[in-house]
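Have a look at the structure below before the remarks.
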Amino acid sequence: MSDLIKLLPDHVANQIAAGEVVQRPASVVKELLENAVDAGATKIVLTVKDSGKSLIQVVDNGCGMSAADARASFLRHATSKISSADDLYKLHTMGFRGEALASICAIAHVQLKTRRVGDELGTEINNEGSDVKSQEPVLCPEGTSVSVRNLFYNVPARRNFLSKDLTEYRHILEEFMRVALVHPDVAMNFINNDEDVFLLPIQQRRQRIVSIFGSSFNERLVPIEEETDIVKISGFVTKPEFAKTGRDLQYFFVNNRFFRDRYLGHAISAAYEGLVQSNKFPGYFIYLEVDPSAIDVNVHPTKTEIKFQDNQTIYAFLRSTIRQSLGKFNIAPSLDFARETTFDHIKMDLSRPVVMPEIKVNPKFNPFEATQSTTASGSLTKVDERETSVPNQDLWIEREHVTIASAMNEEIATEMKKPVQLQQKYILKEMRSGFILIDQYRAHVRILFDEFVRSEKAQVATQKLIFPEVLTYDVSDLVWEEVAGMLNTSGFELKIYKGEIEIIGVPQCAGDKNPKTMLNEIVDDYRSSLVDSDLDLQSSLCLAMARSLAIRGGKSLSSVEMSDLIEKLFACQSPHIASDGKKVIVKFELSELTQRFD
Ligand code: ADP
Ligand code: MG
């Protein structure tokens, strides 16, 4: 028999790798912008058409490439930024894997025009799905222009699964903003479908934030500035009174790269303790500078998670710095700084051996996800708890027909014992083979989400308010109209005027929850999920509604309510998994328990 193992042809390998690097048009935008920054550009222009599906172009005035380098730049693992594994730990540049251009080329039509500073002629290369179609000298400006057309033309599965244009556009916008926020020293323009979205000149960091988020931001910002041996912190946080229900204004950067870190995010919440309600989140733009060898940015292919060696020290430092800045700017005059000296006593010992941080990085972590946290450290659970009012009891009384399919469901159905609530957060249900714990908030979100998604066709019942309420919104913020329009078919009855929304009716299951709070929460949550989830618009809205209406942790439930919740949960198609992939149910086997007593 002949041998079976073959090496994949290059273009296939490239296509597979492309799946990691290029998930959506925004990934291309990110890679191209980062390359332009790495090339030392002082001006970058991003042009996008049809949310990146027909064109993504990045033009920079950076160092440009020679003809040979231009050709090589499309090869996998072609990078001018590292030459040995050691270099990986000293990096200050954005890119380093040398895969971006190769990956993009594998799944699109790419044109590169580039001229080195001082060269007379530049080079133009046209690529189609990893094949170089042409290469010739051209007259072109100094710097580099990369145009990506027909993205995913040869990966129909990807192309068909792209979200609606608005969602893809939002992702692109977010990538642009992340780069713009760290490079105020680079002029950056963003042109979308021939319209100027941003024309940002070279400016100071504060001006850049204000140019991006609007002039009202200037008065909201409190500067942060502190330095120790291991980390330099700078940036801004928003004053407590501007805290919002969504987490969409939270930006962490380390060595000029955007990243997410729930643990350090908690340090910031901790600094605001007592200054904002537990369901509100401050905005922040925090820039950390650390020795590149003290972090590992290679955790994730798209590099938004980072491992710090000194996580805990940075946590303590960040919290005390922000707490003090809030105090200094007279925002928290009654703070007791005597308690905030812990950090001063932390001695840096740079000679000690490197230890792994205790908090593990969760590669699936989504900072915008609003369910209760089960992070590695028990003390973190508090951040995510939203303890606001809950829908009324009616919800629990109306029962619906349940088809019980799996063996587990049968076990539950035949089980007579009453469920027990733990910590007003989990429901414990005994079963023949052990017991299960159900996260009550996630379970209810699951139930409501399914209900809302189903009812797209069959309408959610509306209850009219006795006194309609009017809510004002910022007309330039397009999300409001978009959400209000969609909510009208999801149990709400809203009249939309310029800048005002009249709330006439709300979904019946909303009970006596404050209608304005609800609408605000839904809009904020929807906005966050657009930036960071793969759901389509309608589903994002259903999820936002479900999260706003679901019972939170901290609410006591009667055994009838719990049984009802369990029944409804198991009537869902996937009761075990929340819509964001997290666990709703954890099962404990009897054998496991027996072992524990050994
Ligand atoms: P990486 O950025 O990880 O090195 P890329 O595939 O993004 O890998 O780019 C490959 C190489 O092409 C880079 O290392 C750089 O030398 C060159 N390159 C890419 N984009 C530009 C640009 N805009 N200007 C100059 N050189 C570039
Ligand atoms: Mg790159």
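For the single chain, residues carry numbers from 1 onward in sequence order. Values below: every heavy atom of this structure, side chains too, minus hydrogens, waters and symmetry copies. Order of listing sets the numbers, starting from 1, for every ligand and every atom in it.
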Q) Given that the side chain starts at C-beta and the backbone is N, CA, C, O, which of these parts of Thr144 lies under 4.0 Å from ligand 1, counting heavy atoms, or is it both or neither? A) side chain

Nitrogen or oxygen atoms of [X] and ligand 1 under 3.5 Å apart:
X: Asp60; result: yes
X: Leu101; result: yes
X: Ala100; result: yes

Q) Taking atom types as modelled, is there a side-chain donor on Asn126 or Glu128 under 3.5 Å from an acceptor on the other? A) no

Q. Does Phe252 have its ring centroid less than 6.0 Å away from the ring centroid of Tyr284?
A. yes

Q. Is Arg205 close enough and on-axis enough to Phe285, meaning under 6.0 Å and within 45°, for cation-pi?
A. no

Q) Of all the atoms in ligand 1, which lie at a distance below 4.0 Å from a heavy atom belonging to Ser73? A) 10 (C), 12 (O)

Q) Looking at Glu174 and Arg24, does any basic side-chain N land under 4.0 Å from a carboxylate oxygen? A) no

Q. Heavy-atom distance under 4.5 Å between the side chains of Ile212 and Phe217, does that happen here?
A. no

Q: Work out which heavy atom in Ser145 is nearest to a heavy atom in Gln57; give both atom names and the distance.
A: OG-NE2, 3.6 Å

Q: Give a yes/no on ligand 1: does Met65 have at least one heavy atom closer than 4.0 angstrom to it?
A: yes

Q | Selected option - heavy-atom contact closest to atom 5 (P) of ligand 1, from Leu33, Leu112, Asn35 | A | Asn35

